[in-house]
Peer 1: 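Structure provided below as structure tokens; questions to follow.
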Amino acid sequence: MAQQDATVLLDEDHNAVMRLFEQYKAAHDGNRQEVLASQICQELLVHMQIEEEIFYPAFQAATGDMALLKDAQKEHAEAREMIAKIQADRKNAKLMLELEDAILHHVNDEREKMFPEARKAQGMDLMALADQLEARKSELMEDHPA
Ligand SMILES: [Fe+2]
Ligand SMILES: [Fe+2]
């Protein structure tokens, strides 16, 4: 059983990826930067996938807030485009900074709008969702080890 609810779990992912961006910016060695860039992309892809498979549909069912969801999905699509470019050009620091900006914006939307609404919603079992998110994440991480 998860020890914390789904919003806390997802926010821990957010914090972890923001720390990786900090490490990326502090790294002066090109190889280290490339390793961090691919780790960041991988973590983000898994995070977006579990949100889209598990958290967003539960949020939609419980709140019907399509405006927030459409925004979030659009931001995921934009992030995926940036990630594809970075994966083809891992040395491109400018793209990494653009990705960081976009992710920061998206994370703030989830943290300040979507997660508070989810915690208020009736009929979202945030503890059960945390278990599902965790299980799916470990599955996906095994498929694509960093
Ligand atoms: Fe998201
Ligand atoms: Fe997220």
Side-chain angles (χ1 to χ4, degrees), residues 1-27 33-90 92-146:
M1 269 298 277
Q3 302 297 308
Q4 53 214 354
D5 84 34
T7 63
V8 175
L9 195 83
L10 289 171
D11 222 17
E12 279 179 0
D13 270 6
H14 296 159
N15 292 332
V17 90
M18 294 327 297
R19 278 196 297 274
L20 287 172
F21 274 115
E22 291 308 318
Q23 289 178 31
Y24 174 86
K25 288 186 290 184
Q33 282 178 334
E34 278 188 61
V35 168
L36 284 164
S38 43
Q39 195 184 346
I40 287 168
C41 291
Q42 185 52 38
E43 301 262 342
L44 283 171
L45 289 172
V46 168
H47 177 82
M48 292 193 288
Q49 187 171 345
I50 63 175
E51 282 184 339
E52 287 168 18
E53 286 182 4
I54 297 163
F55 190 81
Y56 288 1
F59 179 82
Q60 178 176 355
T63 69
D65 190 338
M66 290 313 293
L68 261 190
L69 271 169
K70 278 210 178 106
D71 259 7
Q73 276 153 352
K74 185 170 151 272
E75 287 168 3
H76 278 197
E78 287 164 0
R80 278 200 181 86
E81 274 178 38
M82 289 184 212
I83 287 168
K85 283 188 201 158
I86 289 164
Q87 286 176 329
D89 181 12
R90 286 173 210 274
N92 193 328
K94 188 169 163 278
L95 283 175
M96 284 297 289
L97 294 181
E98 282 172 28
L99 180 66
E100 184 190 26
D101 267 358
I103 295 302
L104 200 54
H105 171 90
H106 177 65
V107 161
N108 280 334
D109 277 355
E110 289 185 339
R111 202 175 266 164
E112 281 158 29
K113 298 177 192 165
M114 185 182 271
F115 293 172
E117 198 173 320
R119 287 191 289 264
K120 272 189 285 175
Q122 303 290 313
M124 263 188 108
D125 185 342
L126 291 173
M127 300 306 277
L129 284 170
D131 285 341
Q132 291 175 44
L133 288 164
E134 239 167 15
R136 185 67 179 127
K137 184 176 174 182
S138 0
E139 227 172 68
L140 291 168
M141 295 301 251
E142 270 169 38
D143 287 351
H144 302 280

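Sequential numbering from 1 along the given sequence is applied to the chain's residues. In each ligand, atom 1 is the first atom listed, and ligand 1 is the first ligand listed.
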Peer 1: Ignoring waters, how many N, O or S atoms from the protein are under 2.8 Å from the Fe ion (ligand 1)?
Peer 2: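 Count of protein N, O, S atoms less than 2.8 Å from the Fe ion (ligand 1): 5.
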Peer 1: Just distance, no hydrogens or angles: give the donor-acceptor pairs under 3.5 Å from side chains in residues 114-128, sequence neighbours left out.
Peer 2:
unit_1, atom_1, unit_2, atom_2, d
Arg119, NH1, Thr7, OG1, 2.9
Asp125, OD1, Met127, N, 3.3
Asp125, OD1, Ala128, N, 3.1

Peer 1: Quick check: of its N, O or S atoms, which one does His14 have closest to the Fe ion (ligand 2)?
Peer 2: NE2
Peer 1: Indicate yes or no: does Glu81 engage Lys85 in a salt bridge with an N to O separation below 4.0 Å.
Peer 2: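 No, Glu81 and Lys85 are not salt-bridged.
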Peer 1: Going by an N to O cut-off under 4.0 Å, is there a salt bridge joining Glu52 and Arg80?
Peer 2: yes
Peer 1: Just jot down the ring pair (Phe, Tyr, Trp, His ring centres under 6.0 Å) partners of Phe59, sequence neighbours excluded, or say none.
Peer 2: none
Peer 1: Give the intermediate values and the outcome of side chain to side chain donor-acceptor pair (under 3.5 Å) for residues His106 and Glu78.
Peer 2: CA-CA 10 Å; His106 177 65; Glu78 287 164 0; over 6 Å; no
Peer 1: What pairs meet the side-chain hydrogen bond (donor to acceptor under 3.5 Å, both in side chains) rule with one or both residues in residues 8-17, with sequence neighbours excluded?
Peer 2: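 Every pair satisfying side-chain hydrogen bond (donor to acceptor under 3.5 Å, both in side chains) with a residue in residues 8-17: Gln4-Glu12, Asp11-His14, Asp11-Arg111, Asp13-His47, Asp13-Lys137, His14-His47, His14-Glu110, Asn15-Arg111.
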